[in-house]
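Reading through the structure tokens given below for one structure.
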Amino acid sequence: MPDLSVNFELLFSSAGVLAMVGWLVLLASPLIPQCSDRISGLVIPSVLSAGYVVLAVFFPSGGDGGFGSLDAVMTLFSQPGVMLAGWIHYLAFDLLIGAWICRTARHDGLAFWLVAPCLPLTFLLGPAGFLAFLIVRTIAKPKAAWSSVE
């Protein structure tokens, strides 16, 4: 069995920095739409997903905890490797939702200033940002497309 001593703090910080780069790229998406789609909507979530899979394979729960009750989930996430995998899961999926928001808003011709507040909300509170975008998308009248490049 290989030595599995891992600096979880370093992995945590690295994943956070990587996700933050993705969010910054999304904020620049009106200027670089195709680059933003690739970096924040594919490359960074793929790297985070690979990290998640590695953690899930090499640091499984060991039978402690589960998903059947709140107490079982709390026990499951009390283990550093499992907790880090869960955190990376959040980072990857929130970024994917942010990228989807930008692509969809651009496709619908929504002004970026209407969408921009949804991005930090999605970064910080995932589903709340998604819901905010759905509301904006429903009530806003599409303006000129962010970019003529699709």
Side-chain angles (χ1 to χ4, degrees), residues 1-108 110-138 140 146-147:
M1 187 83 174
D3 177 20
L4 296 180
S5 59
V6 172
N7 185 336
F8 288 119
E9 283 295 327
L10 179 61
L11 292 176
F12 174 84
S13 296
S14 299
V17 167
L18 189 59
M20 187 58 68
V21 167
W23 285 100
L24 291 173
V25 170
L26 286 180
L27 289 174
S29 65
L31 304 173
I32 52 170
Q34 290 177 333
C35 188
S36 171
D37 290 349
R38 286 186 193 109
I39 292 171
S40 299
L42 180 64
V43 174
I44 293 176
S46 295
V47 171
L48 291 171
S49 296
Y52 169 84
V53 169
V54 167
L55 285 166
V57 168
F58 288 104
F59 298 94
S61 69
D64 296 333
F67 297 104
S69 68
L70 178 59
D71 189 50
V73 170
M74 289 171 53
T75 299
L76 177 67
F77 284 104
S78 69
Q79 301 163 64
V82 176
M83 182 62 217
L84 182 57
W87 178 244
I88 291 174
H89 178 281
Y90 278 110
L91 292 176
F93 274 83
D94 285 353
L95 184 57
L96 282 170
I97 294 299
W100 176 85
I101 286 170
C102 287
R103 277 192 318 275
T104 301
R106 190 170 53 247
H107 178 267
D108 291 354
L110 296 176
F112 186 72
W113 68 268
L114 290 171
V115 176
C118 301
L119 296 178
L121 194 56
T122 303
F123 173 68
L124 296 171
L125 301 169
F130 175 70
L131 183 60
F133 173 70
L134 293 179
I135 293 168
V136 165
R137 186 178 185 210
T138 300
W146 301 353
S147 169

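The structure presented is a predicted model; accordingly, all values stated were derived computationally and were not measured.
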T122 and W100: CA distance, side-chain angles, deciding distance, side-chain contact (heavy atoms from CB on, under 4.5 Å) verdict: CA-CA 11 Å; T122 303; W100 176 85; over 6 Å; no
Test log, rule side-chain contact (heavy atoms from CB on, under 4.5 Å), inputs T104 and F133: CA-CA 10 Å; T104 301; F133 173 70; 4.1 Å; yes
Any side-chain heavy-atom pair from [X] and [Y] closer than 4.5 angstrom?
X	Y	value
I101	L26	no
V82	F59	no
L119	F112	yes

When rounded to the nearest 0.5 angstrom, what distance separates [atom1] in [X] from [atom2] in [Y]?
X	Y	atom1	atom2	result
L84	Y52	CG	OH	11.5 Å
L48	S14	CG	OG	10.5 Å
L18	I44	CG	CD1	4.5 Å
I39	S29	CD1	OG	11.5 Å
T75	D71	OG1	CG	4.5 Å
L27	S40	CG	OG	9.0 Å

Give me the atom names and distance for the closest heavy-atom approach of [X] to [Y].
X	Y	answer
A72	G68	CB-N, 4.4 Å
T138	L134	OG1-O, 2.7 Å
L95	G22	CD1-C, 3.7 Å
A128	L121	O-CD2, 3.8 Å
A19	L91	CB-CD2, 4.0 Å

Parallel, tilted or perpendicular: ring planes of H89 versus F93, cut at 30 and 60 degrees: parallel
Given F123, F130, W23, the one that forms side-chain contact (heavy atoms from CB on, under 4.5 Å) with D94: W23
Worked check of side-chain contact (heavy atoms from CB on, under 4.5 Å) between L42 and D37: CA-CA 7 Å; L42 180 64; D37 290 349; over 6 Å; no
